[in-house]
Asker: 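Got a structure for you, questions after.
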Amino acid sequence: RPSFPSGRYLHTNPLRREAGLRLLSGPLPAPLRARLLRAWRRPALFSGEQTPLAVQSALRQRPDPTKLYSTPALTLGFFTLTELEVARRVLEAPLASISRMTRNTLLVAQGAYLRLLYAALVAQVGEAAALAEFERLLAGVG
């Protein structure tokens with residue numbers, strides 16, 4: 001682990017965090033991007049001291065994007081919550097735990113998949129309800 005003058009940025013520093021937020025939110029539609037940035041520019045949720053942060057592989061399997069549009073809205077909410085949890089953990093991953101290239105690749109992939117989930121949810125419940133659901137899920141993740 002790198003040493004910092006204080007414990008404030010033990011896991012990431014503000015510039016690294018902001019760059020990660022930009023990578024993650026880049027593929028998202030503008031209304032969703034604004035909500036994600038507003039929600040996640042707060043201090044880190046995970047300290048990593050109680051349990052090590054679990055970061056998924058870049059090659060992990062996800063449900064088929066073509067079948068998302070026929071997936072029930074409640075299930076899409078569970079998928080979204082999972083993807084948001086993974087994205088937050090990648091965003092807050094300690095500096096020494098993951099390479100920059102891997103972290104950037106994971107964040108871009110998370111953003112792209114979140115965009116697909118959002119589009120499928122919009123198709124089922126409408127844009128206003130989908131935004132409200134994402135905002136509720138974002139608040140739950142931190």
Side-chain angles (χ1 to χ4, degrees), residues 1-2 4 6-142:
R1 271 190 182 177
F4 294 100
S6 72
R8 183 172 180 197
Y9 302 125
L10 182 63
H11 301 289
T12 191
N13 64 51
L15 292 176
R16 181 175 184 259
R17 194 164 188 278
E18 184 63 27
L21 280 171
R22 288 177 189 249
L23 286 171
L24 176 65
S25 65
L28 301 176
L32 187 58
R33 182 182 315 122
R35 284 169 172 78
L36 183 127
L37 290 174
R38 184 177 56 240
W40 284 5
R41 280 192 171 137
R42 297 186 304 246
L45 178 66
F46 306 107
S47 70
E49 292 174 5
Q50 295 83 8
T51 57
L53 294 174
V55 176
Q56 298 290 329
S57 165
L59 303 175
R60 74 185 178 99
Q61 293 184 342
R62 294 183 173 106
D64 184 13
T66 60
K67 296 183 181 178
L68 289 177
Y69 290 91
S70 61
T71 303
L74 182 62
T75 306
L76 286 174
F78 289 130
F79 290 165
T80 302
L81 183 61
T82 301
E83 295 301 322
L84 288 171
E85 289 276 357
V86 170
R88 186 66 186 233
R89 287 177 181 262
V90 171
L91 186 67
E92 301 295 339
L95 207 54
S97 70
I98 188 171
S99 74
R100 182 172 26 168
M101 181 182 284
T102 302
R103 179 177 181 267
N104 292 351
T105 302
L106 288 170
L107 288 171
V108 169
Q110 289 299 125
Y113 198 69
L114 284 170
R115 183 188 66 224
L116 290 173
L117 289 170
Y118 178 72
L121 199 55
V122 166
Q124 289 189 16
V125 298
E127 188 162 3
L131 277 174
E133 179 64 11
F134 261 79
E135 206 157 3
R136 184 185 70 79
L137 294 170
L138 279 169
V141 172

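Numbering of residues begins at 1 and proceeds along the displayed sequence.
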Asker: Within 45° of the axis and under 6.0 Å from the centre of the six-membered ring of Tyr113, does NZ or CZ of Arg62 qualify?
Answerer: yes
Asker: Where is the tightest heavy-atom contact between Gly20 and Leu91, given as atom of each residue plus distance?
Answerer: C-CD1, 3.6 Å
Asker: Provide the full list of side chain to side chain donor-acceptor pair (under 3.5 Å) pairs with a residue in residues 114-125, sequence neighbours left out, each pair given once.
Answerer: Tyr118-Glu127
Asker: Looking only at heavy atoms, what is the nearest atom pair of Gly111 and Pro27, with distance?
Answerer: C-CG, 3.7 Å
Asker: Could you walk me through whether Glu18 and Leu21 pass the side-chain contact (heavy atoms from CB on, under 4.5 Å) check?
Answerer: CA-CA 5 Å; Glu18 184 63 27; Leu21 280 171; 4.1 Å; yes
Asker: Any side-chain heavy atom of Glu135 sitting closer than 4.5 Å to one from Leu131?
Answerer: no
Asker: Residues in ring-ring contact (aromatic ring centres under 6.0 Å, His included) with Phe79, at least two apart?
Answerer: none
Asker: Report the C-alpha separation of Arg88 and Leu84 in whole Å, then their side-chain angles, then the decisive distance to 0.1 Å, and conclude whether the side-chain contact (heavy atoms from CB on, under 4.5 Å) test is met.
Answerer: CA-CA 6 Å; Arg88 186 66 186 233; Leu84 288 171; over 6 Å; no
Asker: Suppose we screen for side-chain hydrogen bond (donor to acceptor under 3.5 Å, both in side chains). Which residues come up paired with Ser99, at least two apart in sequence or across chains?
Answerer: Thr102
Asker: Check Lys67 against Ser70 and note the closest heavy-atom contact, atom names and distance.
Answerer: O-OG, 3.1 Å
Asker: State the CZ-CG distance between Arg33 and Leu114, to the nearest 0.5 angstrom.
Answerer: 12.5 Å
Asker: With distance as the sole test, does Gln110 use its side chain to make a donor-acceptor pair with the main-chain N or O of Glu83 at under 3.5 Å?
Answerer: yes
Asker: Any chance you could measure Leu76, atom CG, to Leu121, atom CG, to the nearest 0.5 Å?
Answerer: 5.5 Å
Asker: Let me see the working for Leu36 and Phe134 under side-chain contact (heavy atoms from CB on, under 4.5 Å), right down to the final yes or no.
Answerer: CA-CA 9 Å; Leu36 183 127; Phe134 261 79; over 6 Å; no
Asker: Would you compute the distance between atom CG of Leu106 and atom CE of Met101 and round it to the nearest 0.5 angstrom?
Answerer: 12.0 Å
Asker: Stepwise, does the side-chain contact (heavy atoms from CB on, under 4.5 Å) test hold for Arg22 with Leu37?
Answerer: CA-CA 8 Å; Arg22 288 177 189 249; Leu37 290 174; 5.6 Å; no
Asker: Look up atom OG1 in Thr80 and atom CZ in Arg136, then write down how far apart they are to the nearest 0.5 Å.
Answerer: 10.0 Å
Asker: Quick one: closest heavy-atom pair of Val122 and Ala130, and the distance?
Answerer: CG2-CB, 3.6 Å
Asker: With rounding to the nearest 0.5 angstrom, report the OH to CG distance, Tyr69 to Leu116.
Answerer: 6.5 Å
Asker: Give, for atom CG of Leu117 and atom OG1 of Thr75, the distance between the pair rounded to the nearest 0.5 Å.
Answerer: 11.5 Å
